[in-house]
**Student:** 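The structure follows.
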Amino acid sequence: MSEVKHTGTKHPLASGAPEHEAVTRRRPLGVMAALPDELGDLVAAMRAEGDVRTVAHGQRDYHVGTVHGAPCVVTLARIGKVAAAATVSALIHVFDIDAVVFTGVAGGVGRDVQIGDIVVAHTLMQHDLDASPLFPRFEVPLLGISRFAADATLAARLAAACEDFVEREGRALATRFSTAPPRVHRGLVISGDQFIASAAAVNALRAALPDALAVEMEGAAIAQVCYEYGVPCAIVRTISDTADVHAPASFSTFLVEIAGTYSSGILRRFLQARG
Ligand code: ADE
């Protein structure tokens, strides 16, 4: 339940302003990550820039304010497809966002996708969805879709922010964290309610979905909800591990030491350009 009362037919949480004022106000961008480290300095940057209204709703905190010049609602989904779907639904229906960007880490699945690389989703699908033989494997029953497209314009802007980040900061990051110079990839991101952490599991994903670049646990759920409500979305993932037996350790280290630097650098560029 929200801590702020819903009094009218339109939910007032998004602006706190009378409806006639809200009409002229720009609708905010929803910015999500699963875990705090994956958001980088975004909430701190919002606080530094001006007033932040934090609204508790459905056991999550939604921070409403301006970051790098762009009106945003920033929140954490927590882990998994249900958590992500519930959170993005609230962003759409309670906070009236006009688009969604999700940032975080993922396991590398594509053969040339390395730790420290960035993947911007072109399409997303649920690798663990299987209602066969009633429906084709991976297809969302009754929707007739297995692959959801990210919004092309939003994804292109996100990719441009990533390219600029890599160009300006990639070499220093690679030296600091002993990784290869990062590269930006665009393509298929797959999601499921499993942390993939064995050669057998990642090879099974490669065999089933040869064009998959990265695996994570939220993106396709967000893309499906956004598709159903006609809201543009884009998803960016930094590769924290290669989904093999080393994944738990690699993920944990990357999350704590590096993920925030990527998210902060990418989102700052993206939001400044959006303005
Ligand atoms: N997120 C980061 N690494 C992951 C992995 N190996 N499996 C699923 N989600 C992830």
Side-chain angles (χ1 to χ4, degrees), residues 31-40 76-88 101-130 138 147-148 150 158 162 173 177 179-180 182-224 233-264 266-267:
V31 183
M32 306 170 67
L35 298 170
D37 291 304
E38 295 176 293
L39 261 188
L76 294 172
R78 304 205 286 260
I79 295 174
K81 292 189 295 177
V82 173
T87 310
V88 76
V101 169
F102 189 100
T103 180
V105 299
V109 176
R111 295 248 176 231
D112 66 341
V113 177
Q114 299 182 1
I115 293 173
D117 284 358
I118 301 171
V119 176
V120 178
H122 181 261
T123 46
L124 300 107
M125 66 185 295
Q126 299 178 48
H127 68 76
D128 59 351
L129 180 55
D130 187 357
F138 305 126
R147 296 184 180 221
F148 294 89
L158 202 50
C162 294
L173 279 173
F177 298 114
T179 52
R183 290 181 305 159
V184 181
H185 309 261
R186 292 193 62 181
L188 175 65
V189 170
I190 58 176
S191 313
D193 286 315
Q194 296 155 5
F195 186 82
I196 306 298
S198 73
V202 72
N203 283 334
L205 291 177
R206 286 183 185 127
L209 299 164
D211 57 335
L213 296 181
V215 63
E216 37 85 307
M217 302 179 70
E218 296 84 21
I222 291 164
Q224 180 180 333
C233 78
I235 279 132
V236 58
R237 294 288 189 170
T238 305
I239 301 303
S240 59
D241 60 86
T242 43
D244 54 13
V245 72
H246 307 292
S250 184
F251 167 85
S252 303
T253 306
F254 197 96
L255 184 69
V256 173
E257 295 181 5
I258 315 175
T261 305
Y262 274 78
S263 286
S264 301
I266 295 165
L267 289 174

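Keep in mind it's a predicted model, so treat the numbers as computed, not measured. Indexing begins at 1, ligand by ligand and atom by atom, following the structure's order.
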**Student:** Give the residue and atom name of whichever protein heavy atom lies nearest to atom 8 (C) of ligand 1, and the separation in Å to one decimal.
**Tutor:** Q194 O, 3.5 Å
**Student:** Calculate, to the nearest 0.5 Å, the distance between atoms CG and CG belonging to D117 and D112 respectively.
**Tutor:** 7.5 Å
**Student:** Taking distance alone, with N or O pairs closer than 3.5 Å, would you say I196 contacts ligand 1?
**Tutor:** yes
**Student:** What is the minimum heavy-atom distance between A34 and I79, and which atoms define it?
**Tutor:** CB-CG1, 4.4 Å
**Student:** Using a 4.0 Å cut-off to any heavy atom of A243, which atoms of ligand 1 qualify?
**Tutor:** 6 (N)
**Student:** Short list, please: which atoms of ligand 1 are under 4.0 Å from a heavy atom of S240?
**Tutor:** 2 (C), 3 (N)
**Student:** As an exercise, state the distance from CG of D241 to CD1 of I115, rounded to the nearest 0.5 Å.
**Tutor:** 6.5 Å
**Student:** If only atom types and distance count, is the side chain of S191 paired as donor or acceptor with the main-chain N or O of A220 below 3.5 Å?
**Tutor:** yes
**Student:** For atom 10 (C) of ligand 1, what is the nearest protein heavy atom, given as residue, atom name and distance?
**Tutor:** V215 O, 3.6 Å
**Student:** F138: what forms a ring-ring contact (aromatic ring centres under 6.0 Å, His included) with it, not counting sequence neighbours?
**Tutor:** none
**Student:** Nearest protein heavy-atom contact for atom 3 (N) of ligand 1: which residue, which atom, what distance?
**Tutor:** D241 OD2, 2.6 Å
**Student:** May I ask you to check whether G107 has an N/O atom sitting below 3.5 Å from an N/O atom of ligand 1?
**Tutor:** yes
**Student:** Can you tell me if NE2 on H185 sees more than 12 non-hydrogen neighbours from other groups inside 6.0 Å?
**Tutor:** yes
**Student:** Among protein heavy atoms, which lies nearest atom 4 (C) of ligand 1, and at what distance?
**Tutor:** F195 CE1, 3.3 Å
